[in-house]
Structures are given as C-alpha cells and as structure tokens.
**Q** 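Have a look at this one before I ask anything.
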There are 2 protein chains.
Amino acid sequence: MGEFDLIDRFFKRPAKHADLGVGDDCALLSPRPGHQLALSADMLVEGRHFLSTVDPATLGHKSLAVNLSDLAACGAEPRAFLLSLSLPRADVAWLQGFSQGLFALADAHGCELIGGDTTQGPLNISITVLGDVPRGQALLRSGARAGDDIFVSGTVGDARLALEVFRGKLSLPETVFRRCRNRMEQPTPRVALGIGLRGVASAAADISDGLLGDLGHILRQSGAGARLDLAACEGLLSCRHDVPLTDAWLRTCVLSGGDDYELVFTAPPTLRDAVQQAAIDSQTSVTCIGTVTATTGIDLLDRQGHRVDTSFTSFDHFAQE
Amino acid sequence: MGEFDLIDRFFKRPAKHADLGVGDDCALLSPRPGHQLALSADMLVEGRHFLSTVDPATLGHKSLAVNLSDLAACGAEPRAFLLSLSLPRADVAWLQGFSQGLFALADAHGCELIGGDTTQGPLNISITVLGDVPRGQALLRSGARAGDDIFVSGTVGDARLALEVFRGKLSLPETVFRRCRNRMEQPTPRVALGIGLRGVASAAADISDGLLGDLGHILRQSGAGARLDLAACEGLLSCRHDVPLTDAWLRTCVLSGGDDYELVFTAPPTLRDAVQQAAIDSQTSVTCIGTVTATTGIDLLDRQGHRVDTSFTSFDHFAQE
C-alpha cells in the first residue's frame with residue numbers, strides 16, 4: 001500500500017464544515033463570525049506516552065483526546081485537526097483500529113480531519129487541533145485572583161495508578177485496574193465543561209503533567225499562590241476507598257500523576273452557583289480543593305491544618321537531564 | 001535542562017501578530033478580515049527527510065521551508081506555525097542551531113511560532129503552518145483546464161542529484177555538489193511567487209515528491225492530462241551543462257526527484273504576461289514546460305516529437321510495501 005492509498009483508505013473523508021479538507025496543499029478554514037481560532041499541538045511517542053501493547057483504537061482515541069483537552073482548557077469548541085503520522089510500516093489492522101478510535105472521538109465532538117502528513121519512521125503521532133471561541137472569552141491561565149476557589153473536574157490520579165501497575169510497582173484488584181487503565185488509555189476531554197465555564201472561570205488549564213504542576217502554571221502566570229485541602233485532593237482518586245494505598249502512593253498519584261486530562265480551574269466565590277450549573281450541564285463532577293492566595297507557592301494542609309510536603313515534581317520529559 | 005526551560009530558552013518568543021502565543025493551553029489566532037486561514041502540516045524524520053549529519057541550523061530552515069512551500073502552493077501569506085519536536089536528548093548546541101535556522105526563515109516571512117510540544121523520543125520534527133488568503137482566492141490543484149500552459153518555478157532535480165552523491169551513486173565537481181546540496185538542505189519556499197499568482201494561476205502544487213508526481217496531482221484533481229516538452233524539463237536542472245549525466249539520471253532527477261519545493265502551476269495562455277510579471281515581481285524564474293490536455297495521462301515529447309517513457313515513480317514513503 002502506498003502513502004496516498006493509505007491516506008485515501010483510512011484518513012480521507014469529505015470536509016463538512018471546513019472550507020477545504022484533505023487532498024490539496026493546504027486546508028482552508030474560517031472561524032465563525034465573532035470568534036477567534038484556538039490552536040494546540042501534542043505529540044505522542046511510543047514508550048513515553050503509550051505502551052507498545054496498547055490497542056490501536058484506544059490509541060487513536062487518546063491521540064485526539066489529549067488535544068481536545070487543550071481546547072477544553074481554554075473553553076473552545078472543537079472544529080478541525082491535522083494529523084501527522086510516522087509509522088514503521090503500513091499495517092492495515094493497526095491503521096483500521098487507530099483510525100476507527102480516532103474518528104469515533106472526532107465525530108463525537110464534530111471535529112474533522114482536514115490535513116496532515118504520513119511518513120515512514122518510528123511510531124509518532126502528532127496532532128494540531130483547532131477550535132472556535134467567542135472573541136475575548138477564551139479561558140487563560142493568567143486570570144486567577146486571590147480569594148478565587150480552585151476546582152478540579154472528574155477524578156485524578158487513576159491514570160498514574162494504572163501506569164504503576166504496568167511498571168510492576170503496585171497491584172490492584174482486577175475491576176479497579178480495569179477502570180484505572182481505561183482512564184489512562186481513554187481519557188475524556190472535558191470539552192462541554194470548558195465551554196460552560198466561559199465567563200465563569202477566571203483561569204483554567206488541563207491536567208496532563210500532574211495536578212500540582214498544572215495548577216502551578218496557572219498560579220505562576222497569575223502571580224498568585226494557593227492553599228489546598230489535602231483531604232479534598234486525595235478524594236479525587238476514584239478508587240480512594242477500594243484499595244489500600246500508602247500515603248506516599250496516594251499523594252504521588254493525585255498530586256503529581258499525569259495523563260488525567262481533567263480541568264483545574266479557578267473562579268470567584270460569587271460564581272459558585274454558576275460553576276455548579278456548568279458541572280451539571282456538562283454532566284461532569286467538580287470538586288473544590290482550595291483557594292487562590294496572594295502569596296506565591298502552594299500550601300497543602302492536612303485535616304489538622306498542618307502543612308504537608310509538596311516536593312512532588314510534575315512530569316517533565318527532560319527532567320532527568 | 002527541563003522541558004519548560006528548553007521551551008523558554010529556545011522557543012518562547014512574544015507573539016507580535018497572533019492574539020496569543022506560546023505559553024497557555026492554546027494559542028489564539030484570527031485571519032485578517034475577508035481572509036480564510038490556509039493550513040498545512042509536514043513531519044520530518046531522520047534518515048528519511050534528512051541525514052543525521054545535517055547541520056542543525058540547516059535542518060531548522062528546511063523544517064519550516066517545506067511547510068511554507070505548501071502555503072506558497074495555495075497563494076497564502078504565512079502567519080504562524082506550531083512546532084512539535086521529539087528529541088533523543090536536550091542537546092544545547094543542537095537546539096541553538098536548530099532554533100536559529102528555524103527563526104531566521106520564520107522572521108524572513110513574518111511567520112511566528114505560537115505553540116507546539118516537546119518530548120523525548122526518536123528525532124522527529126512536526127510543524128503545522130497557518131497562512132492567510134483572501135476568501136475564494138486560494139490556488140487549488142483542481143483548477144487546470146485543457147489549453148492552459150504548465151509552468152515550473154526555479155530549478156528542479158538538484159536536490160535529488162545531491163542525494164545520489166550522498167548515496168555514492170554519482171559524483172559531482174565540488175562547486176556543483178555544493179550548490180545541489182544547498183538546494184537539498186536549504187530549499188527556498190516560493191511564497192512571493194505563490195501570492196503573485198493569485199488570480200493568475202488556474203492550479204498549483206509544490207514539488208515535494210517529484211515533478212511528474214506533483215503535476216499528476218493537479219491533473220488528476222482537474223480531470224485533465226498534459227503534453228510536456230522533454231527538453232524544457234531537462235533545462236530545469238541547474239547544472240544541466242556543468243556535468244555529464246546519462247539521460248536516465250538526468251530524467252530521474254528532473255522528472256521524479258523530490259525535495260525541490262518549487263511550484264508547478266497552470267495558467268491560461270491569455271495570462272502569460274501576468275505570469276511573467278509575477279515571476280519578475282517575486283524575482284523567481286519561471287519556465288513553461290508544456291500544455292494541459294483534455295485527455296488524461298502525461299505525454300512527454302522529445303525534440304523530434306517522439307513520446308518518451310514516463311514510468312518514473314514519484315517518491316512515496318510506503319511504495320516499497
């Protein structure tokens with residue numbers, strides 16, 4: 001199978017919303033009137049972002065999900081994406097699975113493939129995603145203010161827990177493991193919540209590298225700090241009460257585990273009802289875990305109000321060097 | 001050096017034209033009023049698109065050049081790009097060279113880096129580029145009509161010639177090799193010519209996989225064929241008269257050599273003066289190599305008007321399978 005056959009067979013679908021889709025030197029796209037385009041890119045590499053044993057459909061899902069998660073974090077509505085794919089070989093079964101998982105998620109969000117590239121090489125999946133956001137309404141990392149509540153969507157830490165099982169560091173009951181593995185392999189981008197938080201959240205980011213690390217981006221870019229409730233954070237782990245975990249594992253998974261693709265966001269206390277309404281409308285649970293402070297740094301407090309060590313690092317691809 | 005330090009040090013520069021640049025979950029961009037966004041993505045893999053010995057500054061240039069070439073092919077003006085980079089390690093000297101070569105070309109075209117991703121893995125450079133084009137004026141592959149002239153910009157085949165020297169299949173005088181190598185490693189995207197051809201060219205594509213292959217895309221998407229003048233095609237090789245080449249090598253390089261990043265385009269004979277004016281304004285040579293025909297397929301004719309075999313294949317990343 002040649003490169004163009006491969007594209008025709010698995011990736012060429014007529015553009016429904018873009019002005020021009022796959023098949024020319026460029027695609028053509030216009031934001032809707034009164035909107036800006038929001039853009040983000042993520043690259044997934046075997047052994048680093050996914051295991052070689054992963055089901056290709058699951059991988060197709062995750063490749064787009066991590067990109068849609070960035071759109072969610074800025075409150076944008078998905079429009080289109082470009083896929084650049086480096087493959088060791090043109091494996092039909094793999095391509096069928098991958099494209100099926102990819103397009104199932106894309107279709108669910110009305111996000112169409114409008115371009116990209118395919119080449120031979122070590123497996124690498126590089127996606128650029130584009131969304132629309134009403135001009136001036138994008139959620140940024142820089143808008144958090146002292147006194148704002150800090151919220152997290154869904155559950156956090158499960159993906160890391162599954163990874164540690166794969167690494168042989170932990171073991172989990174089969175049903176719990178399956179749930180955690182599903183969170184790691186098929187994350188749910190919080191697109192509807194992000195859109196619902198326009199005009200409500202003062203700042204937002206998605207949790208890809210770990211809760212403390214990604215909240216840290218918001219705080220740094222807002223020139224602020226945070227006081228966090230450790231018990232509330234620990235409660236973010238879905239299997240908190242199903243498995244016995246040491247405090248160290250629990251905190252590592254929840255505070256510095258990556259790959260969750262939930263949203264961490266801030267909002268003024270006057271808008272608590274609006275936050276709850278956005279959660280209900282998007283059928284996404286939302287947990288308040290603390291407060292933005294004027295002084296920089298993160299204070300993590302246990303039930304007794306004592307400070308807990310937060311020298312967990314968030315995931316960094318070059319941290320070992 | 002960590003991932004975020006690496007981004008800050010080499011790739012984070014303030015956005016001048018985009019609404020929001022590097023540093024948040026998404027960048028924000030708007031086309032200028034009355035314009036559409038043109039988008040394209042290209043992925044470069046070591047050993048396939050460049051040699052491991054290549055100078056990193058040269059590679060930075062080429063990585064963006066091949067993307068700008070796609071914008072040129074549709075007559076779009078460069079605006080911004082996203083860079084996803086997989087690196088075996090955070091090598092400062094390499095990053096300095098790469099980013100310097102990349103930004104030199106980006107600045108020359110007013111095309112700013114607004115986002116992307118960095119990760120550890122086999123060397124892979126994935127860029128998505130965005131440009132502006134007045135609504136409805138993009139050059140497409142599908143507009144060629146029987147009777148149109150077929151033009152090619154600049155010189156073609158030099159990059160392939162250099163590659164064959166690296167492969168040990170050919171040898172060239174040092175000065176000729178240097179010129180050919182420069183064409184292979186530092187191609188010039190024909191952005192100004194592409195913009196000048198708006199309203200003039202009936203169809204266009206850039207020559208990345210080989211002249212016959214890329215012209216073939218235009219013809220297929222236009223439902224047309226072509227009659228080409230072999231002598232005019234052979235004249236596209238810059239060192240045509242400087243080195244003794246067999247007919248087979250000459251034709252292979254010119255007709256099916258990739259990596260030239262020139263434009264092949266069609267225009268009605270009534271617009272010949274406008275084509276010449278666009279060439280002069282953009283300081284780019286343009287050569288007429290034939291005519292679009294109503295019957296499909298490509299006829300390549302020698303000086304005596306005899307048909308020449310065109311069973312050259314254009315480059316295909318998965319053709320061997």
Side-chain angles (χ1 to χ4, degrees), chain A residues 1-4 6 19-20 23-31 36-43 45-49 70-71 73-74 76 82-86 89-90 114-122 124 126 128 130-131 133 135 138 140-142 204-206 221 316-319 321, chain B residues 1-4 6 19-20 23-31 36-43 45-49 70-71 73-74 76 82-86 89-90 114-122 124 126 128 130-131 133 135 138 140-142 204-206 221 316-319 321:
Chain A
M1 180 169 41
E3 180 182 358
F4 300 110
L6 186 159
D19 303 330
L20 185 70
D24 215 297
D25 288 273
C26 290
L28 296 171
L29 187 73
S30 310
Q36 295 166 290
L37 279 180
L39 302 101
S40 185
D42 270 298
M43 178 177 262
V45 174
E46 186 173 296
R48 189 146 279 265
H49 301 92
D70 285 312
L71 291 185
C74 82
L82 295 94
L83 166 70
S84 290
L85 195 55
S86 170
R89 63 199 161 276
I114 58 168
D117 195 13
T118 50
T119 185
Q120 196 179 35
N124 183 306
S126 179
T128 297
L130 298 106
V133 63
R135 181 165 301 282
L140 304 182
R141 292 176 175 177
S142 52
D206 76 328
Q221 292 184 223
D316 184 315
H317 290 289
F318 294 97
E321 297 181 58
Chain B
M1 180 169 41
E3 180 183 358
F4 299 110
L6 186 160
D19 303 330
L20 185 70
D24 216 297
D25 287 90
C26 289
L28 296 172
L29 186 74
S30 310
Q36 294 165 290
L37 279 180
L39 302 102
S40 185
D42 270 300
M43 177 177 263
V45 174
E46 187 173 296
R48 189 147 277 264
H49 302 93
D70 285 312
L71 291 185
C74 83
L82 295 93
L83 166 70
S84 291
L85 195 54
S86 170
R89 62 198 163 277
I114 58 168
D117 195 13
T118 51
T119 184
Q120 197 178 34
N124 183 307
S126 179
T128 297
L130 298 105
V133 63
R135 180 166 301 282
L140 304 183
R141 292 176 173 175
S142 52
D206 76 328
Q221 293 183 225
D316 184 315
H317 290 290
F318 294 97
E321 296 180 60

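So that the names make sense, note that chain A is the first sequence line, chain B the second, and so on, each numbered from 1. Because the structure is predicted, anything quoted here is derived from the model rather than measured.
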**Q** Do the non-hydrogen side-chain atoms of B:L130 and A:L130 ever get within less than 4.5 Å of each other?
**A**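 B:L130 vs A:L130: side chains touch.
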
**Q** For chain B, which candidate among A:G115, A:G116, A:S142 shows the most heavy-atom pairs at distances under 4.5 Å?
**A**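 Looking at each option in turn, the highest pair count goes to A:G116.
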
**Q** Quick check: closest heavy atoms across A:D19 and B:Q36, and the distance to 0.1 Å?
**A**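 Taking A:D19 first and B:Q36 second, the nearest heavy atoms are OD2-NE2, 2.9 Å.
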
**Q** Quick check on B:E46 against chain A: is it the side chain, the backbone, both or neither that has a heavy atom closer than 4.5 Å?
**A**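 No part of B:E46 comes within 4.5 Å of chain A.
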
**Q** Treating B:D24 as the side-chain partner and A:R141 as the backbone partner, does any N or O pair qualify as donor plus acceptor under 3.5 Å?
**A**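 Such a contact is found between B:D24 side chain and A:R141 backbone.
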
**Q** So which atom in B:S86 and which in A:N124 form the shortest heavy-atom distance, rounded to 0.1 Å?
**A**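 The answer is CB-ND2, 3.9 Å.
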
**Q** Enter the distance from A:T119:OG1 to B:H49:NE2 here, rounded to the nearest 0.5 Å.
**A**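 Between A:T119 OG1 and B:H49 NE2, I get 3.5 Å after rounding to 0.5 Å.
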
**Q** Let's test your reading of the structure: which of B:A76, B:G131, B:P31, B:A38 forms the most heavy-atom pairs below 4.5 Å with chain A?
**A**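 Most pairs with chain A among the choices: B:A38.
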
**Q** Below 4.5 Å from any heavy atom of chain A, which atoms of B:L71 appear? Answer side chain, backbone, both or neither.
**A**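 When you check distances to chain A, atoms from both the backbone and side chain of B:L71 fall under 4.5 Å.
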
**Q** Which bit of B:L82 is near chain A, if near means a heavy-atom gap under 4.5 Å: side chain, backbone, both or neither?
**A**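 For B:L82, the contact with chain A is made by the side chain alone.
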
**Q** Under 4.5 Å from any heavy atom of chain B, what part of A:A138 do you find: side chain, backbone, both or neither?
**A**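 Contact with chain B: side chain only.
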
**Q** Between A:R135 and B:S30, which heavy-atom pair has the shortest distance, and what is it?
**A**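 Shortest heavy-atom contact: NH2-OG, 2.8 Å.
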
**Q** A:L83, A:L140, A:V133, A:I114: which one forms the most heavy-atom pairs within less than 4.5 Å of chain B?
**A**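 Of the options given, most contacts go to A:L140.
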
**Q** Roughly how far, to the nearest 0.5 Å, is the CG atom of A:L39 from the CG atom of B:L39?
**A**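 Taking CG in B:L39 and CG in A:L39, the distance rounds to 7.5 Å.
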
**Q** Minimum heavy-atom separation for A:M43 and B:L85, please, with both atom names.
**A**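 Minimum heavy-atom contact is SD-C, 3.8 Å.
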
**Q** Under 4.5 Å heavy-atom distance to chain A, tell me which part of B:A204 shows up: side chain, backbone, both or neither.
**A**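 Just its backbone gets close to chain A.
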
**Q** Can you find a pair of side-chain heavy atoms, one from A:D25 and one from B:S40, that are under 4.5 Å apart?
**A**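 A:D25 vs B:S40: side chains apart.
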
**Q** For A:L28, which atoms come within 4.5 Å of any heavy atom of chain B: side chain, backbone, both, or neither?
**A**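 It is both, since atoms from each part get that close.
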
**Q** How far does CG of B:L37 sit from CG of A:L29, to the nearest 0.5 angstrom?
**A**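 With rounding to 0.5 Å, CG (B:L37) is 6.5 Å from CG (A:L29).
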
**Q** Which heavy atom of A:P122 sits nearest a heavy atom of B:V45, and at what distance?
**A**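 Smallest interatomic distance, heavy atoms only, reads CD-CG1, 4.0 Å.
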
